[in-house]
Amino acid sequence: MRSMSISRPVKRKDFDEKISGRAKFVDDYQSPDYYHACILRSERPHARIVSINIPEIPEDTWVARGRDVPVQNRVLVDIPDQFILNDVEVEYVGEAILIVVAKTKAKARRFMEQISVEYEDLPTCFDVTESDTILHDCRFVKGDPDKVFNEAHEVFEEVLTTGFQEHAYLEPQGIVAEYRDGYMTVCGAMQCPFYIHNAIKHAFGFDDDHVRVIQATVGGGFGGKEDYPSVVGLQAALASYVSGKPVKLVFDRQEDIISTTKRHAARMIYKTALDEEGNILAMDVNVTLDGGAYLGISTTVIERSLVHCLGPYVVDHVRAYGCVKKTNQVVTGAFRGFGDPQTIFAVDTHLAHIARHLGRDHVEYRRSYLAQQGDRTATDGLYRDPVFIREMADKVLEQSDYYAKREAYSKDTGRYRRGIGIGFLGRGCGFAGFAERDFVKGVVRIRKHADDTVEALVSSTDMGQGIHTSFCKVIAETLEIPLSQVSCPRPDTQRVPNSGPTNASRSMQIVGRMLQRAALRLKDEWIPGKEQVIEEHYREERDAVNPWNTKTFNGDGFATYGWSTTVTEVELDTVTSEVRLVNIWGVFDIGRIIDRNLVEGQMHGGLVQGYGYASMEKMEIENGVIMQDRLNNYIIPTAYDIGGIHVDFVDNPYEAGPFGAKGAAELPFCGVASSYVNAVENVTQRVYLSIPLTPEKIFESLQEEV
Amino acid sequence: MISFVLNGENVETASLPSSRLLDILREEFLLTGAKEGCGEGECGACSVLIDGKLANSCLIAVGSIEGKKVMTIEGFSETERFRVLSDAFAEVGAVQCGFCIPGMVLASESLLSVCAKPTEEEIRIALSGNLCRCTGYELIVKAVQLASERGAGTVWTAGI
């Protein structure tokens, strides 16, 4: 079976340089010519800047201000709303005011510390329920929810909330920029080189050829290096533009945490209309995301929250409204899952709670609403591909010995008590609607050199997920040549076409498919010993059944869907309320696996990051100040916090993906929270509506009567 | 002058005794395998071995290592023990972004050099000072187990 051989693991292409410490991350680029930048940041959540007192600037030192930006002092990602530097009216603690450039970081910092800012405080808002500034909203209706709600036997209502989350990529953000002879070159930690390319063109007025963006080896992204590096890149570029020197701007951890984007905290109201038998008739969903001080890319995030408000479940009548509200807090942005982990947690937990309320078995109750092929999505699209979520549920229940453990654990009476829980999810792969066709318009190139080695030229970045190795596998397998003959360099906008950003679990499904098509053409046209270049452009391979309408939010939101079910086994210390993760099982449908090791690594990492989100990763913002602003108080899971991880897959080739692959990397993250909460609820027999579900919250719940 | 042994060679530095070892390694000796992930000893990306023991070089004042032996990933990667670990990490697919990995390899070595056949729990404890955000640790733990199976009794001999 040739098509399955693609799944056999290989040694990743960048393995040797990474294991030996030779890989160059941005801070590893060193040169005696470099200057260093420090950013003066706002200490107030909302204030007019009355004056900035800058002492006499010493030789070989520069101060860059927003007014030094030649065209527009704004960061263009989706819309140009955030400032590169803001010395007029700051909107959150940590907003960048000005940049100091000096020969060393210490010198820059020392001078920066002599600068004083006089603020005039302005009214603040830190709570979305009190905010009256809606940055963006959207809504949709399916069926006739008004009528159904009026006739319902009962309406079950809950308010569920999720917290902010820090990406905590191990490598802090950083960019090196050099402006010379009218050309701007930036290199550093990023997921989306052409986002930065575009942002620099916009702010500086350069044309395509005068901006060059190069990806360094990236130490983890998870969305944190999707939109924010455009801010860092513009700041570094401006520092070089003003000083005329090559400038390195690398954040330390605290600066990274206080200034970069977070996962949106969410408040979700779910109302469900039930009939006499407890059947779900309709749902009304209201989602509010905390956007922080600027909209940024939150438009797409709330849309994704809303489209996924039913998770993997099928309900015929739905009314959904979502909004992003402004607060005077750090800006929220892209993070693995991109808005749907919030609603998937909420809907899955809500359904389990309905079952509990009705006295029904929550596994069977939820299972009966899981989608099947031919069912309609929340937005009245069609689940056209085979859906195996029910079979996957059987698989995970069996592998985890779920029912036997649940029965046994219900009799636990000692200090340490175990519980087991389950969660279900389905989510769209890649971008919504026709974004690939109408906006991204991705291009890939394959270059065959005269020595018959083959290079994949794409803008997709490898930030650890191993996509460059996977791309090489797709090409080598298609051309039937050894993997060693194929390479995929880190993108440099001067050498690679724009194949779109690295996000939305789109890289293999969309860019990999274009590479496969290019490789098929090269195979046909292959002339040994000759240099050949093949270019492929994105094209829709299947007609939508119900074409997506962006205005009404109706239709096929996504080309296809990924599915998973997660079982979580925990042990609660009833004295301290600490919870230990004993085991976690995940069964996934990601189409066909391109590399077993790489995919398992994504599943493990996503499950553990999801466990952190569900349980321990608390980020509190008090009066605009992030309380957990270091890695010693923002707690992420360690090796010792994790018991066994068990992952399995169903093979469900996607007809429009390379070798049948579809989106993968976000999927494992999104299903842990509801599974974890369900497990803790099964121990304590309490109901929880909020994550992170910390020991403190469990302790409080145990003080109350059941 | 502060003298110490760096990856087997006698070296000196004229830097202030209060300088962080991490900065001296990266900026003076251009050894960038040790990374700054947090700057406060929480993440382990800056791990080095000092007289064979794992240390966070961001917390070490260079004045305190006079006469000591410092091993970074650059030096360790020349050894047979590294090769056993590297092969195991490659085989199970334990590397993703690679930022934590030099520290993880040195943490693994510091365990196996005193306990050639650790239990899974001992491995998890030994790695718990090194944060990784990509892998969920599972395959790193498996890699250390595999390296132990292959190297215990030959390249690692303690505690057998």
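Every chain is numbered from 1, with letters handed out A, B, ... down the list of sequences.
The CD atom of B/Glu36 sits 7.0 Å away from atom CG of A/Asp252, with the distance rounded to the nearest 0.5 Å. Distance check: B/Tyr137 OH to A/Thr638 OG1 gives 5.5 Å after rounding to the nearest 0.5 Å. Separating the NZ atom in A/Lys18 from the SG atom in B/Cys100 is a distance of 10.0 Å, to the nearest 0.5 Å. The distance from the CD1 atom of A/Ile19 to the CZ atom of B/Phe76 is 9.5 Å, given to the nearest 0.5 Å. Rounding to the nearest 0.5 Å gives a distance of 6.5 Å between CG of B/Leu131 and CG of A/Leu631.
A/Lys105 NZ: more than 12 foreign heavy atoms inside a 6.0 Å radius. Within a 6.0 Å radius of NZ in B/Lys53, no more than 12 heavy atoms belonging to other residues, nucleotides or ligands are found. Enclosure of atom CD in B/Glu80 by more than 12 non-hydrogen atoms of other residues, nucleotides or ligands within 6.0 angstrom is indicated. Atom OH of A/Tyr29 is surrounded by more than 12 heavy atoms from other residues, nucleotides or ligands within 6.0 Å.
Contact between B/Cys97 and A/Phe25 at its shortest, heavy atoms only, is O-CZ, 3.4 Å. Heavy atoms only, all atoms of each residue included: A/Phe15 and B/Val95 are closest at CE1-CG2, 3.5 Å. Between A/Asp27 and B/Arg26, the closest heavy-atom pair is O-NH2, 2.9 Å. The heavy-atom pair separating B/Thr135 from A/His604 by the smallest distance is O-CB, 3.2 Å. Nearest heavy-atom pair, B/Gly37 versus A/Pro172, reported as atom, atom and distance to 0.1 Å: O-CG, 4.1 Å. Here the shortest heavy-atom pairing between B/Gly136 and A/Ile645 reads O-CD1, 3.7 Å.
For A/Ala23, the part lying under 4.5 angstrom from a heavy atom of chain B is the backbone only. Using a 4.5 Å cut-off between heavy atoms, A/Tyr611 makes no contact with chain B at all. Of the two parts of B/Ile101, only the side chain, counted from C-beta on, holds a non-hydrogen atom closer than 4.5 Å to a non-hydrogen atom of chain A. Heavy atoms of B/Leu30 lying under 4.5 Å from chain A belong to its backbone as well as its side chain. Using a 4.5 Å cut-off between heavy atoms, A/Pro637 contacts chain B through both its backbone and its side chain. In this structure, chain B has no heavy atom under 4.5 Å from any part of A/Glu17. Of the two parts of A/Gln30, only the side chain, counted from C-beta on, holds a non-hydrogen atom closer than 4.5 Å to a non-hydrogen atom of chain B.
With respect to A/Asp641 and B/Arg124, no salt bridge is recorded, no charged nitrogen being found less than 4.0 Å from a carboxylate O. Using a 4.0 Å cut-off between a side-chain N of Lys or Arg and a carboxylate O of Asp or Glu, A/Glu617 and B/Arg133 qualify as a salt bridge. Salt bridge A/Arg630/B/Glu42: absent, no basic N to carboxylate O contact under 4.0 Å.
Here B/Ser128 is the residue among B/Gly39, B/Ser128, B/Cys132, B/Gly129 with the most heavy-atom pairs under 4.5 Å with chain A. Ranked by non-hydrogen atom pairs under 4.5 Å with chain A, the options B/Ala90, B/Ser77, B/Gly33 are led by B/Ala90. Taking chain A as the reference chain and counting heavy-atom pairs below 4.5 Å, the highest number among B/Asn130, B/Ile123, B/Val92, B/Val141 is found for B/Val92. Of the listed residues (A/Leu607, A/Ile257, A/Asp16, A/Val218), the greatest number of heavy-atom pairs within a distance under 4.5 Å of chain B belongs to A/Val218. Among B/Leu139, B/Leu85, B/Leu127, the residue making the largest number of heavy-atom pairs under 4.5 Å with chain A is B/Leu139. Between chain B and the options A/His167, A/Arg22, A/Arg12, heavy-atom pairs under 4.5 Å are most frequent for A/Arg12.
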- Please lay out, stage by stage, how A/Tyr169 and B/Cys134 fare under the test side chain to side chain contact (heavy atoms under 4.5 Å, CB included). CA-CA 8 Å; A/Tyr169 32 65; B/Cys134 299; over 6 Å; no

- Query: Can you list the steps and then say if B/Glu91 with A/Asn597 is a side chain to side chain contact (heavy atoms under 4.5 Å, CB included)?
  - Reply: CA-CA 9 Å; B/Glu91 198 167 316; A/Asn597 275 358; over 6 Å; no

- Could you give me the CA-CA distance, side-chain angles and deciding distance for A/Leu170 and B/Cys43, then say whether side chain to side chain contact (heavy atoms under 4.5 Å, CB included) is met? CA-CA 8 Å; A/Leu170 259 282; B/Cys43 77; 3.9 Å; yes

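At distances below 3.5 Å, at least one donor-acceptor pair connects side-chain atoms of B/Gln96 with backbone N or O atoms of A/Gly601.
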